[in-house]
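Right, one structure below, let's go through it.
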Amino acid sequence: MKKENQQSIEVGYGIAKGASSFSTGMKASKQAVSAIHVHAISAVLVYASVAYNLDEVLQGIHSVVGEVSVFGTTTDGEICNEIHKESVLVVVLASPFLRVHCGVGTDESKDWRRALNEAVNSPAVQPFFQNTSEYKRSIRRDGKDAFIMLFSSGNTRHGSDHSFEILEALKERCLGEIPIIGGSAAADWQMEENYVLYAQRAYPDSLLLVVFETELQFGISLTHGFRPTDIQATVTAVDGYEILTLDGLPAADGYSKLVGLSRDKLEGSHLTYTTGAAIGIVDSIGQYSINTASHFTQRGGIRVTQPISVGTVVTRMEPDPDSMVGAGVEGIRRAIIRGGITDIAVGIAYYCASRPRIMGDKSEQEIADMTKVLAGKPLVGFCSFGEQG
């Protein structure tokens, strides 16, 4: 039987800013560790701004927590009951009913398949992918369960985010039997290099797999709150992550028509950030998934976060702040129900970096409402350039 979280896990968290990267990591860790009184530390999550020397941040964290599993990512904002900027957030999980196993894959943009193989075949992670079905049967006999936390490299000005393909390949590797949750590493809206964090090293352009084995209860959900409009276009030519034409027009022109702005006004800008609109694709039961456009390409196409096939009808999704503000609460409630959770220990949020720019002050309300649902337990996480699950 899964253990009741409140009695079986301790959660500590700390957030800090400072001129010294080492001291900032150390200060946030000391705050987090101060809440741990009974159990040994099982895992340490780190969400950090690229404003710091990240290797030094990790060294400062290890000076406090010792030789335990430390992992995480860079962000476009750190979530610690509200959204912070240019800070270091450390979250400590301590439970005899929780174990983590980490693997890193490097140079993701050059060859994401090779990077995924590198992570999956790392000594700590590889055993879980040898015979996933037998592994799941074995841990369930012991009253355990597992999920995977995935961090991958988010979009930059120089490369596409391959998170969608990585997620689909990872689901295939584990036969769809292990739930996956995660987010794409971010830096800031300059769209420069981002990093995943593991042990005492920051890895640029990389992905990180963390397998959680636990007897604790956990729940996972995904929500967005965008509303579909009746404005649509059909994809008529693609090349990987680039839509070349919409309704037979150069995609830059077709997208401009879709969002109701001139192409000149959008040139050189991050498209979703500038317009506030997203691309929606409807499934067989009428639910819309969100895809986002980043920039126009040199040949008049648009780059998107998930590849789209020719013939797909895309719908302009409106970011109505009043409907979006409830998405966070809905997500937490779904996760609680799906996990059968009775005692919440912590909420971990991977939150789209566009939401504060689209929603304005409503974003602060959304985060505040999420903390109310958690009834005094911490809400932690980061603003990401893509949410996976």
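Along the sequence shown, residues are numbered consecutively beginning with 1. These values consider heavy atoms only, across backbone and side chains, with no hydrogens, waters or symmetry-generated copies.
Closest approach of Ala353 and Pro356 over heavy atoms only: O-CD, 3.4 Å.
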Item to check | salt bridge (charged side-chain N to carboxylate O under 4.0 Å, His left out) assessment of Lys171 paired with Glu168 | outcome: CA-CA 5 Å; Lys171 284 157 61 177; Glu168 292 302 306; 3.0 Å; yes

Next on the checklist: Apply side-chain hydrogen bond (donor to acceptor under 3.5 Å, both in side chains) to residues Ser87 and Glu78 and explain how you reach the verdict.
Outcome noted: CA-CA 7 Å; Ser87 61; Glu78 303 74 51; 2.6 Å; yes

Next on the checklist: Phe226 vs Tyr288, test: ring-ring contact (aromatic ring centres under 6.0 Å, His included). Steps then yes/no.
Outcome noted: CA-CA 9 Å; Phe226 281 78; Tyr288 284 84; over 10 Å; no

Checklist entry - Could you go step by step and tell me if Leu261 and Ser256 meet the side-chain contact (heavy atoms from CB on, under 4.5 Å) rule? => result CA-CA 5 Å; Leu261 292 172; Ser256 299; 5.7 Å; no

Next on the checklist: Go through it in stages, so that I can follow the logic: the residues are Tyr351 and Phe382, the test is ring-ring contact (aromatic ring centres under 6.0 Å, His included), and I'd like the CA-CA distance, side-chain angles, deciding distance and then a yes or no.
Outcome noted: CA-CA 6 Å; Tyr351 191 75; Phe382 75 105; over 10 Å; no

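In the model, Glu108 has no side-chain atom that pairs as donor or acceptor with a side-chain atom of Tyr203 under 3.5 Å. With no hydrogens or angles considered, no side-chain donor-acceptor pair links Gln31 and Ser34 at under 3.5 Å. Side-chain contact, Asn194 with Ser153: a donor N or O sits under 3.5 Å from an acceptor N or O. A donor atom on one side chain and an acceptor atom on the other are found under 3.5 Å apart for Ser184 and Ser163. A side-chain donor from one of Ser109 and Asp205 sits under 3.5 Å from a side-chain acceptor of the other. No side-chain donor from either of Gln59 and His62 sits under 3.5 Å from a side-chain acceptor of the other. Residues Glu366 and Ser363 have side chains that never bring a donor and an acceptor to within less than 3.5 angstrom of each other. Between the side chains of Ser309 and Thr312, at least one donor N or O lies within less than 3.5 Å of an accepting N or O. A donor and an acceptor atom, one from each side chain of Glu318 and Thr229, are nowhere located under 3.5 Å apart. In the model, Glu118 has a side-chain atom that pairs as donor or acceptor with a side-chain atom of Thr106 under 3.5 Å.
If you run ring-ring contact (aromatic ring centres under 6.0 Å, His included) between His101 and each of Phe129, Phe128, Tyr198, only Phe128 comes through.
No side-chain heavy atom of Ile302 sits less than 4.5 Å from a side-chain heavy atom of His295. In this structure, Thr275 and Leu266 have side chains that are in contact, with non-hydrogen atoms separated by less than 4.5 Å. Considering only heavy atoms from C-beta on, Glu242 comes within 4.5 Å of Arg299 through its side chain. Between Leu208 and Phe71, the closest side-chain pair of non-hydrogen atoms falls below 4.5 Å.
Below 30°, between 30° and 60°, or above 60°: for His162 and Tyr241 the angle between ring planes is above 60°, a perpendicular geometry.
With salt bridges taken as basic N to acidic carboxylate O contacts below 4.0 Å, none links Arg316 and Asp230. Salt-bridge check for Lys377 with Glu10: failed, with every basic side-chain N at 4.0 Å or more from each acidic carboxylate O. Using a 4.0 Å cut-off between charged nitrogen and carboxylate oxygen, Arg99 and Glu215 count as a salt-bridge pair. Note on Arg137 versus Glu134: salt bridge recorded, some NZ/NE/NH1/NH2 to OD/OE distance being below 4.0 Å. The existence of a salt bridge linking Arg357 and Asp76 is confirmed by a sub-4.0 Å separation between a basic side-chain nitrogen and an acidic carboxylate oxygen.
Residue Tyr47 is grouped with residue Val11 when hydrophobic side chains (ILVMFWY) are merged at heavy-atom distances under 4.5 angstrom, including chains of intermediate members. If you chain together hydrophobic residues whose side chains sit under 4.5 Å apart, Ile341 and Leu222 never meet in one group. No single ILVMFWY cluster, assembled from side-chain heavy atoms under 4.5 Å apart, contains both Leu249 and Ile279. By the rule that hydrophobic residues join a cluster once side-chain heavy atoms approach within less than 4.5 Å of another member, Val100 and Ile220 end up as members of one cluster. The cluster map of Ile, Leu, Val, Met, Phe, Trp and Tyr, joined by side-chain heavy atoms under 4.5 Å apart, puts Ile181 and Val104 in the same cluster.
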